[in-house]
Amino acid sequence: MPLTVIGFEGSANKLGIGIVRDGVVFSNPRHTYVTPPGKGFLPRETAKHHREWMLNVLKQALTDAGLTHADIDCVAYTKGPGMGAPLVSVAVAARTVAQLWNKPLIGVNHCIAHIEMGRLITSADNPTVLYVSGGNTQVIAYSERRYRIFGETIDIAVGNCLDRFARIIQISNDPSPGYNIEQLAKKGNKFLQLPYTVKGMDVSFTGILSFIEDAAKNKTLMAEYTPADLCFSLQETLFSMLVEITERAMAHCGSQEVMIVGGVGCNLRLQEMMEIMANERGARLYATDERFCIDNGAMIAQAGFEMYRTGLKDATYEDLLEESWCTQRFRTDEVEVTWRDP
Amino acid sequence: MNLLQQGAEARLFAANFCGRSCIVKERFPKKYRLQEIDEKLTKKRLSQEVKALQRCRKAGILTPIIYFVDTTRSIIFLEKIDGETVRQHIVSVRKMQEDSSYHSIYPMAREIGKILAKLHDADLIHGDLTTSNMIIKTSDNKLDKKTNEIFLIDFGLSFSSSLAEDKGVDLYVLERAFLSTHPNSEELFSVLLDAYKDVSKKSSSVLTKLEEVRQRGRKRSMIG
Ligand SMILES: Nc1ncnc2c1ncn2[C@@H]1O[C@H](COP(=O)(O)OP(=O)(O)O)[C@@H](O)[C@H]1O
Ligand SMILES: [Mg+2]
């Protein structure tokens with residue numbers, strides 16, 4: 001019997017709803033809340049955006065897939081981590097359709113969903129994972145039923161560092177600040193030395209951010225360096241650090257596969273650097289494009305599918321409904337991975 | 001020279017130095033990063049490693065002897081330590097034991113805690129503490145008993161600092177690498193920390209910082 005799962009995602013500024021049947025993505029529409037240059041997204045407004053677009057995106061997910069609600073076996077939603085208000089707005093919608101359609105409801109860890117989507121799309125078997133997004137920076141490897149965190153930022157996430165810099169120099173947030181920094185960086189060529197802070201498999205970004213913020217406001221310096229030069233220098237420094245800690249984890253774990261997931265993971269320069277590193281040690285890189293790297297509904301459906309067919313296969317409709325809450329903090333290593341070999 | 005392995009940032013070769021078997025550690029250029037970044041890091045890490053290895057020996061911490069340094073080629077010739085990494089050791093001990101407990105290696109954890117206390121009391125921060133960067137050497141002594149010695153290696157990220165914050169982060173980095181590499185080793189790690197506490201003269205401020213860094217991680221909001 002094929003299993004068809006619909007997934008709801010809205011832990012940050014992207015609302016996505018996707019349908020996956022036995023590893024095939026049937027549909028995956030998304031709508032992004034884009035703020036004006038210089039402004040970040042706030043919880044209340046983001047939740048409002050998700051509520052306003054919910055029905056449109058849901059209808060599109062079903063239409064694109066050519067399915068009706070009767071074809072759905074299970075509803076999955078993001079339980080956390082993320083921003084409180086947007087998480088709740090999406091969980092409420094998912095819980096409502098689950099009850100309307102009388103389908104089991106499964107709460108999914110967002111980070112795990114990124115990893116499972118990456119594994120589905122790339123067919124990587126047991127990769128060391130670099131998970132990089134607006135809220136997360138982690139180096140992860142699987143062992144004994146957990147995704148274990150080997151390295152992590154000790155302050156802000158890499159995506160957060162990029163987004164905040166974009167705000168300082170008033171770069172457009174459409175489609176995303178990271179994408180526009182990537183484009184502008186291609187025009188830069190004069191390298192400004194920035195702090196470089198690696199602690200074993202951990203990294204720190206706040207020192208770099210405040211240094212480059214000061215640089216951007218410094219008139220004498222900006223007579224020498226263009227905004228494009230700063231974007232270039234920032235990217236090269238941040239990504240060198242990320243590739244370095246990933247390589248350190250690979251050496252430590254004896255891994256020959258590496259996979260990049262999360263929104264920052266669709267940056268082609270980061271992928272290129274990671275690939276060179278991988279080749280230098282005879283390893284292989286797996287990466288995906290913006291459809292699957294950036295938050296989306298299909299990844300939630302895919303992780304929900306794995307949970308539903310293994311650990312939760314005997315759970316009752318009522319138990320699952322009872323468990324359908326959300327949480328802003330939800331660590332990757334808290335989830336028991338019931339669908340992979342121990 | 002025989003390539004032994006590609007480490008986290010260097011290539012390790014087996015070689016011979018004046019009749020002694022030794023390890024050659026070469027920091028080769030990393031092509032994924034800009035030359036400006038690469039050259040600066042490579043130079044800095046080589047000199048930090050050499051400095052720290054010498055200071056450790058003065059502080060009575062076991063480390064490989066440096067035979068020769070070639071800064072133009074970024075190569076260090078090191079004494080070869082006969083043994084296995086603490087990581088390999090823990091993994092094989094756990095495989096052998098039926099109850100998969102770590103009891104038999106509590107003494108080793110205590111020894112590591114003592115060494116780190118000495119290191120930090122000498123105001124040295126390792127910067128990359130993992131069980132891959134410690135080598136355990138087992139030798140038979142005269143009474144037919146086995147003795148274990150633990151060597152610290154890989155000092156490329158080391159620096160000197162007397163700040164409790166830096167020492168706390170050093171332990172935090174080890175804690176996470178330790179617990180992720182060796183499932184269910186929370187107790188074993190607390191044995192290590194207890195020994196650190198007993199030996200280090202400034203442990204209380206360091207352990208307070210360790211707790212602070214842990215809390216920062218837990219409180220951090222994670223969006224996207
Ligand atoms: N002096 C030594 N004696 C024996 N083995 C060593 C020695 N130095 C390094 N090794 C082995 O090589 C590996 C990598 O060396 P390391 O100095 O940690 O380089 P990297 O910075 O690349 O990790 C170690 O984990 C250890 O297994
Ligand atoms: Mg090493």
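Each chain gets a letter, A, B and so on, in the order its sequence line appears, and its residues count up from 1. Predicted model only: the values in this text are computed from it and were never measured. Because only heavy atoms are used, hydrogens play no part in the values below, and waters and symmetry mates are left out as well, while side chains stay in.
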If you measure from [atom1] on [X] to [atom2] on [Y], what distance do you get to the nearest 0.5 Å?
X	Y	atom1	atom2	result
K30(B)	E244(A)	NZ	CD	8.5 Å
D128(B)	I245(A)	CG	CD1	11.5 Å
Y32(B)	E247(A)	OH	CD	5.5 Å
E152(A)	S180(B)	CD	OG	9.0 Å
R11(B)	R281(A)	CZ	CZ	9.5 Å
L34(B)	M273(A)	CG	CE	7.0 Å

Given that the side chain runs from C-beta out, which part of [X] has a heavy atom under 4.5 Å from chain B: side chain, backbone, both or neither?
X	result
Q193(A)	side chain
E144(A)	side chain
T78(A)	neither
Y196(A)	side chain
F232(A)	side chain
S143(A)	side chain

So what's closer than 4.5 Å to chain A heavy atoms on [X]: side chain, backbone, both or neither?
X	result
T85(B)	neither
R176(B)	both
L174(B)	neither
E36(B)	both
F178(B)	neither

**OP:** Report the option among L129(B), L41(B), V169(B), T130(B) that has the most heavy-atom pairs separated by less than 4.5 Å from atoms of chain A.
**Re:** L41(B)
Residue pair [X] / [Y]: nearest heavy atoms and the distance that separates them:
X	Y	value
F191(A)	I37(B)	CZ-CG1, 3.5 Å
A251(A)	Q6(B)	CB-O, 4.5 Å
L179(B)	R148(A)	O-NH1, 4.4 Å

More than 12 non-hydrogen atoms from neighbouring residues, nucleotides or ligands closer than 6.0 Å to [atom1] on [X], yes or no?
X	atom1	answer
K40(B)	NZ	no
Q256(A)	CD	yes
K202(B)	NZ	yes
Y33(A)	OH	yes
R269(A)	CZ	yes

Subject >> Closest-packed option against chain B by number of heavy-atom pairs under 4.5 Å, given M201(A), E236(A), K14(A) >> reply: E236(A)
Subject >> Options L87(A), N160(A), V243(A), ranked by heavy-atom pairs under 4.5 Å with chain B, top entry >> reply: V243(A)
**OP:** Given side-chain contact (heavy atoms from CB on, under 4.5 Å), test T131(B) with H252(A) step by step and report yes or no.
**Re:** CA-CA 9 Å; T131(B) 48; H252(A) 180 67; 3.8 Å; yes
**OP:** Could you walk me through whether F28(B) and E280(A) pass the side-chain contact (heavy atoms from CB on, under 4.5 Å) test, one step at a time?
**Re:** CA-CA 11 Å; F28(B) 60 97; E280(A) 268 175 0; 3.9 Å; yes
